[in-house]
Amino acid sequence: MDFRIPVGDWIKAALTWIEDTFQWLFDALRQMFIWMFDAVDWVFATPPVWVVIVVIAIAALLARGWKFAAGAVVGLLFIVGVDQWENAVDSLALVIVAAFLAVVISIPLGIWAARNDKVSAIVKPIMDFLQTLPAFVYLVPAIFLFRIGVAPGIIATLIFAMAPGVRLTELGIRGVDKEVVEAGEAFGATPRRILRQIQIPLAMPSIMAGINQIIMLSLSMVVIAGLVGAGGLGGDVAQAISALNVGLGFEAGLSVVVLAILLDRFTASIGKGEGLYGRWTRRRKVQREADEQARLDARELETAGPRREPGTVV
Amino acid sequence: MTPGELRIRVNDSIALRADGLYKVFGKQPETAVKRLREGASRDELDGATAAVIDASFEVQRGEIFVVMGLSGSGKSTLIRALNGLQPATAGTVEIGGESVTDANPAQLREIRRTKVSMVFQHFALLPHRTVIDNVAYGLEIQGVSKDERIRRALAVTEVVGLKGWEEKHPSELSGGMQQRVGLARALAADSDVLLMDEAFSALDPLIRREMQDQLLELQSELGKTIVFITHDLNEAMYIGDRIAVMRDGRIVQIGSPEDILTNPANDYVEQFVQDVDRTKVLTAESVMRKPRAVIREDSGPHAALTAMRENELSALYVTQRDRTILGWVRDRDVMDLVRRGEKSLAPAIKTDHGAVSHDTALADLFIPSLEAALALAVVDDKERLVGVIPRVTLLAALGGEPEAAGSAIPVTEPLPGEVVDKVLDASTAKGGA
């Protein structure tokens, strides 16, 4: 039986053509990725370790409270203790760059898909495809186009992590109460204004869940990216696999877990107002509303005499 | 006056007009409309669902026009076609003389900003904004400056009775209060036409009644034109100046509440109105009879007694020349006057006639009817006697058959005929002598 669909040959041919035609573009992207990675890496790698840990602990305190801050310090000290700090910082930089790019691409795409059924019909299968295709498979063309190093790691991570951002953004915006959107329309708001004032604010919990997912998937992909020389914790894991070094594998692996927990808790807390920062803003908001009400009441008192008690509505 | 001028005059009093309005969902809506126009029924369309079929009506300025129908009758789609939230498949809608159906998106937004606003069934407030910012939303879209819109929103918030709640968020308010915010938001936009989509249906009955009363009060103060959608016939009857009854996408009858109740256009409407509390809808005017037991004041006692004798009545209402009611007289008292040879009815007239206004609801007639000695007198706005309601008529109207009452039955037994005749004869003889 020599029935064979030469898909592999087609893809190879297409890839070669793309490489020949757009090499300048990929080179430019590669340079941009490397530059972004270096910049983020510099921020975390330049100060002494203890300064970084203290800053992260303070951020944790503001975001979720002292328990999380204590946990963060213990986890980070563990990473330092197993001598994975530099790798962890490299991985973190990779995650931050890839996740940032994924958010920047996926949220507008999700919004577009939510507002246009045709776009949604096209985007959905592509996202399914990207999410289910084994990650290693598109690592290969990534190396092909971006050569070994950080750049293919970032592009592979970005593509792998994008899907939930698009999906959850679309879902969130489509899930906004139809009547509230109608209310915007009924009062003559433009579609852009409805998006800005109604759809995005109301879809925010879902969009934030999407961002959280992007970051978590980025981290899991970063380990795989170690295989193509992206370095970081993934590099050590890959090395441990090839050398059957159980100890190194676990040290790097547990460091990934620590990073994952920290990143997850940080992103999950955004907008929930749990930590000190949340408490402060809440208090300020209550105070501001009380002031505003007092101001309104004073103004009414001037014009209309004493007011009724709240609750005695007509 | 040229016909053109006349037309403008007529248009001026009409706030909203729908003409041959169709809304079809699904495949090939235009073909479906064509088939419907050719007389196809709603079930014969394949692949298309007709939500609104050939709806035509005009809403007068300052009128409360209620569209009533069960779920699936197309009323929600109809109201959304009026402001273009659901673009009509065919037909035209005009609001304040401007066409909604022909407007491009920018024109449509302008119409929605200035001419028509909407109140939603589930309030549709912006949950992340305070009450005052919700109320000011329409003004914000109109581009009104912040100070000005807050000032105007404050005034409206007070009108709907939410003073002191301005800085709360919608989730902190009860359902009824949330809908007041929805109403205030629509009122603040200061448009002539208010579309209310099942606005009170999500509220519990006591609050609903309160809101209905408040709406009527606001409407009489502000003179807004209101299109109100409801599935509750009692609500429709209570607040509607006119009611359009919808069924399966078609308007089956348009009329005043009394029209719909007393002259249902078909079996469907008739079945529908069976459950209505008639006593709240029907007014004295709609059940009253022509007054027979009436005498003019200047007719004198003799004529009055004769009239009572001929009609076998024990009492009469007395009116002035212009039918303004003065009171009533009893046969005994009139007979005394005749015996004494008095020429004026005045000494016998009792002024506690207990007349009711012609627009009193049936529910409010029972007590006056019990207290009245005669069939209950009904007067118009100028206190003129326009009819009477015997108790049997009132009872018959409750049963839905005002015609069954037949003729009025006297309240008390009249004096025996022979006695009256004797007195009359004697009086005539005296007068002749």
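These numbers come from a predicted model, not from an experiment. Sequence lines set the chain letters: A, B, ... in the order given, protein chains first and strands last, and positions in each chain run from 1.
For B:Val119, no part lies under 4.5 angstrom from a heavy atom of chain A. Heavy atoms of B:Arg185 lying under 4.5 Å from chain A belong to its backbone as well as its side chain. No part of B:Ser191 comes within reach of chain A, as not one of its non-hydrogen atoms sits under 4.5 angstrom from that chain. Contact annotation for B:Gln121: both backbone and side-chain heavy atoms come within less than 4.5 Å of a heavy atom of chain A. Residue B:Leu125 touches chain A through its backbone alone, counting heavy-atom pairs closer than 4.5 Å. For B:Glu140, the parts lying near chain A are the backbone and the side chain together; criterion is any non-hydrogen pair under 4.5 Å.
Proximity of A:Ile198 to B:Tyr137: side-chain heavy atoms (C-beta onward) are separated by under 4.5 Å at one or more points. In this structure, B:Arg109 and A:Glu185 have side chains that are not in contact, with every pair of non-hydrogen atoms separated by 4.5 Å or more. Residues A:Arg288 and B:Glu167 are not in side-chain contact: their nearest non-hydrogen atoms beyond the backbone lie 4.5 Å or more apart.
In this structure, B:Glu148 places its CD atom where more than 12 heavy-atom neighbours from other residues, nucleotides or ligands lie under 6.0 Å away. With a 6.0 Å radius and a threshold of 12 heavy atoms from other residues, nucleotides or ligands, B:Phe57 has its CZ atom above the threshold.
When every heavy atom of B:Asn83 is checked against every heavy atom of A:Ala186, the shortest pair comes out as ND2-CB, 3.9 Å. Taking each heavy atom of B:Gly138 and A:Phe187 in turn, the nearest pair found is CA-CD2, 3.9 Å.
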task: Could you please spell out the steps behind the side-chain contact (heavy atoms from CB on, under 4.5 Å) verdict for B:His128 and A:Met204?
output: CA-CA 11 Å; B:His128 52 296; A:Met204 217 43 184; over 6 Å; no
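The backbone N or O of A:Gly188 sits less than 3.5 Å from a side-chain atom of B:Arg113, completing a donor-acceptor pair. Without hydrogens or angle criteria, B:His122 side chain to A:Asp177 main chain gives no donor-acceptor distance under 3.5 Å.
Rounding to the nearest 0.5 Å gives a distance of 8.0 Å between CD1 of B:Ile141 and OG1 of A:Thr190.
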